[in-house]
Structures are given as C-alpha cells and as structure tokens.
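Data first, discussion second: the structure below is written as structure tokens.
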Number of protein chains: 2
Amino acid sequence: MTWKQVISFEPDCKAIEAAKQRIEALAIPPGSLGRLHEIAIKLAGIAATPTPKVNFCRTLVFSADHGVARHNVSAFPASITDINTRLIAQGRATISVLADLLDAKLHVIDVGIDADKYAPEVVRCFAHQFSSCKIRRGTRDMTLESAMTVKEMERAITVGFDLVTDDRDAQILVIGEMGIANTTASSAIVSALLQIPASEVTGPGTGLDRMAVEHKARIVEQAVKRCNIEAPARAALDVLRHVGGLEQAAMVGALIGAAERRIPVILDGFIVCASYLVASKIVSGLDALCFAGTRSPEIGFKHLESHLNLKPILDLNMRLGEGSAALLAYPIIRAAVGHLSSGATLDELGM
Amino acid sequence: MTWKQVISFEPDCKAIEAAKQRIEALAIPPGSLGRLHEIAIKLAGIAATPTPKVNFCRTLVFSADHGVARHNVSAFPASITDINTRLIAQGRATISVLADLLDAKLHVIDVGIDADKYAPEVVRCFAHQFSSCKIRRGTRDMTLESAMTVKEMERAITVGFDLVTDDRDAQILVIGEMGIANTTASSAIVSALLQIPASEVTGPGTGLDRMAVEHKARIVEQAVKRCNIEAPARAALDVLRHVGGLEQAAMVGALIGAAERRIPVILDGFIVCASYLVASKIVSGLDALCFAGTRSPEIGFKHLESHLNLKPILDLNMRLGEGSAALLAYPIIRAAVGHLSSGATLDELGM
C-alpha cells in the first residue's frame, strides 16, 4: 500500500449509531456532556466500534528547515530548528515535558534539518524515540524556485505515511512540528490554496513586530506569485511542493497513513492545519478522522478554521508549536471515550 | 482557626515575580504558551513558590437536596440526588470515571441528602472516599421560608472548611456538586446578590423545556422576593441562608478553607460559581486563588462570568455538574506548572 492509493476516509456509520445509542442509555441528562458526546461519537466512527480505545497516544514531531528562512522571516535564526529538535528528543522542550505528564509516547523525526545527521552516540542518549529520515538539509528558497522537487516531496510524504502505517501501538496520534520559518511556508500554502492575499494570512509567528510581519507578507506574496504561475490549477500537491516544507509533506503523509489505518489524529495549530488543508484535498472525508486540538492566534488560522470547519477543542492562546497545544486536548478526548465505555446506564439502574 | 477568621487572600508577589522571571528565562518564544503562562504565574502566587506543585488533585463533590425541588423545577425527581451520589461514590458516575482517568482522588460528601444516612456496610463498598456530614435531609422550601437556619448554614460551611483545612495531601482542589434543583437555588443566589431579574438568570438546568423554565423562573422570583424582604442589605451569607443549598454552604466553606491553606481551586460550572460568588463577598482576593474550569451554557453563568471576571479554561458546552468539566481543566493546569519546573532555560543552552 502506498499513500497514492488512499483517496478517501469513511467513518463507520453502524458504530456511530451504536455509540449514539450507548450515550442515550447513559444515566446522565441528555446532552449534558456537550462536546464530549460529539468527540466520543466521532471516535466510534473512526475506530468502527462503539467503545473505541485511545489509551496509547503517539505524538509525532516532524522537524525540518526552510530555505525561505534566509529572508529574515522569523524572530529566531534557522539554527534553532536543530537546537530545539535536540531539546525535544532529550526531553527538555515543552512537548517532551507534556508528553511525560500526559502519558503520551513522543517520536521526533528529522525530515530535513539543515545540519549533519545526528551521530548514533547522540541519538542513543535521547530520552525519546528519534528517527533520522532526512530528505535534504532544508528546502530551497521558495521565492526563487520550488521548495522541493516532486521526488523530494513524495519521499517526505512517504516518511510520514510509513511511520503511521507501520505503527502497531498507537490508538491516537498528536501531530506537531518544529521548523524555523514554517509559519511563512504555511501562510504561503493557505494563500495559494485558498486564494487569499498574503497580508491576510501572514502573522507574527514566534514574535515578529509589525514591520517584520509586513516584510514577511511580501516574501509570502512573492512565493505565491511564483507558485501561481507554475501551478495555475492550484493542485494541492503542487502548492505543497512549491512553497511547503519537508516536515509539512511528512505530516501530509502521516495524515494519509492515519486515514488508511483508521487512527484518530489531534491537529496542532496553524502549521499542522495548513498541512491538513493539503491532505484534505487529497483524501476526501478526512474531517471525520481529525480533531482540531487548539485555536491558533496566528492570523491565517481563522481562514483555515472557517474553510475546513474546524471546531478547536482548546483556545488557550498557545502558539509554540511542537504539538504542545494539541497534546493538551488529548486528556479531554480520552475522557470522552472513557466515559462512553465505563459510565453507568439507565438500564443497569433499573430506570 | 474557624472560617469566620479568614477575611482575605493575598497572593505572594515575590513568588509571582520569580515565576515571571523563570518563564522569561525559558528557551521558548516570549508568551508562546499563552494562558499556560498566566496559570503558572497565578499558581506561584498561591503556593508562594516559583515552582508550585499540583500533582495531588483532590476532587470534592458536595451533595444535598433542596426543598424547592417539590415545585417541579428540575427535569429529574429529587430521589436522583441520592441515587447519583451513590453512583459517584461507587465509581460509576462521570466524575468517578474521570477522576480515575485523570489521576485525581475523589471525595464525596453528604451534607444534606434527603435519605437516611448510608449504612456502614454500604459505605465500606464505595470505591471512593465518602463522608457523611448530613446537616439535615435537604433544605426547606425557599419560596415559603429560609432554606436554612443560621446554625445549619454555619455548620455546613464548617463541614467544607474543616475538610479542606484538615487535608494534608491536596495540592489542588476541584470542587463539584450533586443536588437536584440546585440550579434553581443558584439562580436565586445570583438574582438576589447581583440584583438581576430571575428570568435573566434561570435556565433549563438538566434539560427543562421553555415552559418549564418560565415556571422555574417564577419560583426563583418568588424566593428572591421573600429573600429581599428578609435580607434587604443583601449580605452574602443572608442570601445563602435564604435561598441556597447545604452543599453550596459547604462549598463556600471549602473555598474559605482553601484560602486559609493556600490551595488552588478549580471551579466547576454555574452552581459552584454561584457559591464562589458568595465566598468572594466574604473573603476578599479570592479570585487570585480560583480558576474557572469551564464556561457553563446555563444562562445565568454569563452574569457570573462578567461580574467575577471569570476566564474559563474550557468551553465544551458541558452542563453535567459533579465537578466533571472542572476536572478536565486539571491536566492543563498541571501541564502549565510542569513546564515551569522542567523546561530548559536559555542560560542552560548558553544563549
């Protein structure tokens, strides 16, 4: 099975009906758990059983660099991608602390960090699982040429797809990323695919001031202009190749793999959801598989939210990335399912 | 120490400053964890240390009946208070399933269920901690007379206060409740204390239709009218005594006890926040101790939200009570603190 063969995802209607009945039978006032009911029903449709299990949560953090970083579009230098990826794998970054706290397994994947492959003795000391799947040291500068070749992009997609389809344990996935300048790439993806002016989808990322955001928007505009000439049909994969990142291609692959394996996915903020936008144009029905974990304060997110009909579970003004906000939604999803499986029913009470 | 001696709560400013510095020193973009930073700083102020711990979470569920239930103000019969309290203690209700999942200790307290005291052999079989502190079998009908005498109310407050001040383990509390007709009591408290017409603070509770809500609002109006005549000064404790519940008095006591012991509290929805409204009129600065765990869809909640400047952490349309929505906010609060304690700093990275 390759990712190209996966073209749609369909929830299991019988399991959804059974879950609805199970919820109606619970000894609680109808609808009183609000969104927890919706979440539980959706998970039943994904797992094709009225009592799905999400006890094993795998958090995938895809990491790569971006050629466009040379245009000073980030508040941080590109070298931070490497430094922070090591921190994540060492267990010292936000997502690693949260993964330990919230009982999730963390897997960090280098799809294209602009640094030498980490030496085996370095990787051996990592606290968390790490895979080196480096396609190249960062993408090309998207203002001048396509960020990736077709082959590079397809290899990156395959990295994500294989990781997920080979995973025998994960019952739910959190998808996160690390990559300096990847809000710039995401703004370009959203601008190109949804045909929205760059200025409306370009924000401060990790903390640019107003002037710097305007500069960033001009860079996005330039890349999208080039992309529109080269990919007039706006096919999602063309846009991804022209202006996206290697980690974003891998996330697209992971989402397609999750559809193939029927594993629910919790999406992180703007960058992950921009990748989800691409994936949703390739695999139909993907919304039945994915949960928006968090509302991103990044300006472009609201366009994704309305276009993709996202209903973020959390809204805590988090904009760190790494999958950190999405992972915080995991206990809520777990609780929704736990209640469905364990709650007392009216029948049992003789009511 | 009695609850009457606690008149204010003051956060520790030095610890707050130290926590802010610690956050600024973290190797993440400034402000990128959004509300997690606010939460961590607030917890530092409560615990008077820049690295507070909230690993031991105690969930207190106070249970009692309401005389006003005889007016058909709930979609469920009053007997459900007894049935559901047993379910909670047995580990079969929503809050008990969630407490197990989210690693919280559950303590159920009968402050005034309209049933005989549970026999010791029944209590022995409970999966969760249970205390019998029954003041009386339900409050009186607040449309006709005061729901409680001064003595009854003060005894109920003492129950909550003593439970919390005697607790040697809890590092954070979730406060929840069970009591058929206690949204009616809560609407009356809010209407009387904030001087808002009953119709604007009375909602469907566990699921009344429009006609039934109108009837419920008239009952609330009647009780508040009587309360206003008897307590023209609108002193919070007078309002509580006239129209509140025994479980609400106990929650007021628990909040005062938490202020005395500097234990942070996660508040559940409308009923708990109505009790918090009363407590906040007795102990100044209580907002620095309490987190609104959830936005309640109950109509009166929005008045509490604006008056008390609540900023609910979650907004999942939950209206079950029992502390269930508040408990879901616990992992987020725990994550906020965990990151503060464990995250890598710029200094460590030599940056």
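Quick caveat, the model's predicted, so the values are computed rather than measured. Every chain is numbered from 1 and lettered A, B, ... according to where its sequence line falls, protein lines coming before strand lines.
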So, the part of A:Leu316 with a heavy atom under 4.5 Å from chain B: the answer is both
For chain A, find which of B:Gly31, B:Ser324, B:Gly207, B:Pro297 contributes the most heavy-atom pairs closer than 4.5 angstrom.
-> B:Gly31
Could you tell me which of B:Asp103, B:Asp100, B:Leu36, B:Leu102 has the largest number of non-hydrogen atom pairs under 4.5 Å with chain A?
-> B:Leu36
Below 4.5 Å from any heavy atom of chain B, which atoms of A:Ala335 appear? Answer side chain, backbone, both or neither.
-> both
Check whether the side chains of A:Thr81 and A:Asp65 place a donor and an acceptor atom closer than 3.5 Å, and report yes or no.
-> yes
Per-residue tally against chain A (heavy atom, under 4.5 Å) across B:His37, B:His339, B:Glu348, B:Arg92 peaks at B:Arg92
Residues that B:Arg295 engages under salt bridge (charged side-chain N to carboxylate O under 4.0 Å, His left out), provided they are two or more places apart = B:Glu305, B:Asp315
Is it the side chain or the backbone of A:Leu33 that comes within 4.5 Å of chain B heavy atoms, both, or neither?
-> both
Identify which part of A:Leu327 has an atom lying under 4.5 Å from any heavy atom of chain B, answering side chain, backbone, both or neither.
-> neither
Can you tell which of A:Pro30, A:Gly34, A:Ser32, A:Gly205 has the highest number of heavy-atom pairs within less than 4.5 Å of chain B?
-> A:Ser32
Name the region of A:Tyr330, side chain, backbone, both or neither, that has any atom closer than 4.5 Å to a heavy atom of chain B.
-> neither
Where do B:Gly245 and B:Ala185 come nearest, in terms of heavy atoms and distance?
-> N-CB, 4.5 Å
Tell me, with the steps shown, if A:Cys57 and A:Lys105 meet side chain to side chain contact (heavy atoms under 4.5 Å, CB included).
-> CA-CA 6 Å; A:Cys57 174; A:Lys105 298 287 175 194; over 6 Å; no
Taking it one step at a time, do A:Met178 and A:Phe62 satisfy side chain to side chain contact (heavy atoms under 4.5 Å, CB included)?
-> CA-CA 6 Å; A:Met178 175 65 218; A:Phe62 295 97; over 6 Å; no
Find out whether B:Glu247 and B:Asn182 are in side-chain contact, i.e. whether some heavy atom of one side chain is under 4.5 Å from a heavy atom of the other.
-> yes
Would you kindly say whether A:Asn55 and A:Gln171 are connected by a side-chain donor-acceptor distance under 3.5 Å?
-> no
Top contributor to chain A contacts, counting heavy-atom pairs under 4.5 Å, from B:Asn84, B:Leu320, B:Ile80 = B:Leu320
